[in-house]
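Written out below as structure tokens is the structure these notes cover.
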Amino acid sequence: MRKNRKKRAGSNRSAQQTPPRNKAYFEQPPQRTRDDSFSLFHYTTPSGLIGIIETKSLWATHASFLNDTTECQLLSRLLTPQIEADFRKLVPKLMECGAFRPEIQYALRGDALTTEAEKATSAILRAVDRTSPIHITSFCRHAVGAPECDHGLLSQWRGYAKGGFAIEFDESQLDDLILEETNAHSYQGLITRQVEYHDHRKAAKIDRFEGLAAATLKVGFRENTPNLAARPEVSQLLGDRDLESYIRAFVEAVPFLKSPRFAEENEYRIVALPTRSAKLVASIRDKRPWKEISFREGWGGTMVPFVRLFKDLKNPLPIKKVIVGPHRDQENQMLAAKILLEKHGFDVQVVKSDTALRS
């Protein structure tokens, strides 16, 4: 256990590192302390438990392949009206100084500006994916002493009706592993934070995205009419921020916003941003080795990219307990889990959930 940790409100941490000096990468926020009144639980299937124990790693899935693909769109929905409103202010001013032809006003009628605003947020997400795609590992935070800490969450067991497990982790030691993983492989970030279900504008710190419309227009001007973009009156309207300067704000918000319908899960996430390819690692002169991308079969026969966090590190996974979920043969499930853990050197408690679940 770590000692003399000064408590702060909230839970918002990231492993510290110095990213390569490339404008597409972001510096990470300061590390903060955990909340000792909660414990972290990772729910998984029998095959998931076997994979975690045998490889001594956690799987972080590419965000575009999560079960709920709409959650990463929440920030875009927040920003689109703001960007569209800024477009409506900027375009007439750019027309006045001759940067746009008058007929542009007819082309931007109806939903055209809304479409352009949506493209602006998509452009940043594509930029992130080209360099360091977002991968996510999820946990539920259960209050210490609450029934869920002993028996699991009913809604999670329903998702694993054919037999599931909840693995409790020591958060302090998990922090240590995150730092070790950051130093062992090329990442542009490893961020841990609680998911926000309410007041998304406040959670995303929406004011950090001011000027995004101008930065988007600047890209078009620089690529298509660089001389026009260099004119003082045009340059002043477009501001001094580049599109890449919004990447940090996006990465710190997009994976941590979720619909209030899922608030019961009280989700906590590790968000990993591995450098996308070995070629890119070499080009940015990162001395850390590339983090290999793996693939597995998902629901419906889909192919899903993921990374194995903490694999082959010196310290083991800090598992405190395994809860065996509702199952018609729960006793044998418990016995199998104990044998699996013993085989791979994990001396942890295995308990049965008393949650009743109708099949």
#### Entry: Pairs satisfying ring pair (Phe, Tyr, Trp, His ring centres under 6.0 Å), at least one member in residues 204-241, at least two apart
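Qualifying pairs: F100-F221, F209-F250.
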
### Query
Taking only residues at least two apart or on different chains, which pairs with a member in residues 114-139 satisfy ring pair (Phe, Tyr, Trp, His ring centres under 6.0 Å)?
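For residues 114-139: H42-F139, H62-H135, F139-F169.
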
Between [X] and [Y], does any side-chain N to carboxylate O distance fall below 4.0 Å?
{"X": "E181", "Y": "K311", "value": "no"}
{"X": "E265", "Y": "R141", "value": "no"}
{"X": "E267", "Y": "R269", "value": "yes"}

Which residues satisfy the salt bridge (charged side-chain N to carboxylate O under 4.0 Å, His left out) test with [X], sequence neighbours excluded?
{"X": "D354", "result": "none"}
{"X": "R241", "result": "none"}
{"X": "R201", "result": "none"}
{"X": "K218", "result": "D242"}

### Task
Output every pair passing salt bridge (charged side-chain N to carboxylate O under 4.0 Å, His left out) with a member in residues 83-93, not counting sequence neighbours, ordered by first then second residue.
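Listed by first then second residue: E84-R88.
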
### Query
Is there any salt bridge (charged side-chain N to carboxylate O under 4.0 Å, His left out) pair reaching into residues 321-332, and which pairs are they, with sequence neighbours excluded?
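Every salt bridge (charged side-chain N to carboxylate O under 4.0 Å, His left out) pair that includes a residue of residues 321-332, provided the two are not neighbours, is D150-K321, E168-K321, E331-K352.
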
### Residues forming a ring pair (Phe, Tyr, Trp, His ring centres under 6.0 Å) with W290, sequence neighbours excluded
none

### Message
Among residues at least two apart in sequence or on other chains, which ones pass side-chain contact (heavy atoms from CB on, under 4.5 Å) with Q236?
### Response
none

### Task
Would you mind listing every side chain to side chain donor-acceptor pair (under 3.5 Å) that reaches into residues 338-347, with sequence neighbours excluded?
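Not a single pair qualifies under side chain to side chain donor-acceptor pair (under 3.5 Å).
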
Below 3.5 Å, can you tabulate the donor-acceptor pairs from side chains in residues 117-128 to any protein atom, sequence neighbours excluded?
from: K119; atom 1: NZ; to: E116; atom 2: OE2; distance (Å): 3.3
from: T121; atom 1: OG1; to: S76; atom 2: OG; distance (Å): 3.0
from: T121; atom 1: OG1; to: E118; atom 2: O; distance (Å): 2.9
from: S122; atom 1: OG; to: E118; atom 2: O; distance (Å): 3.1

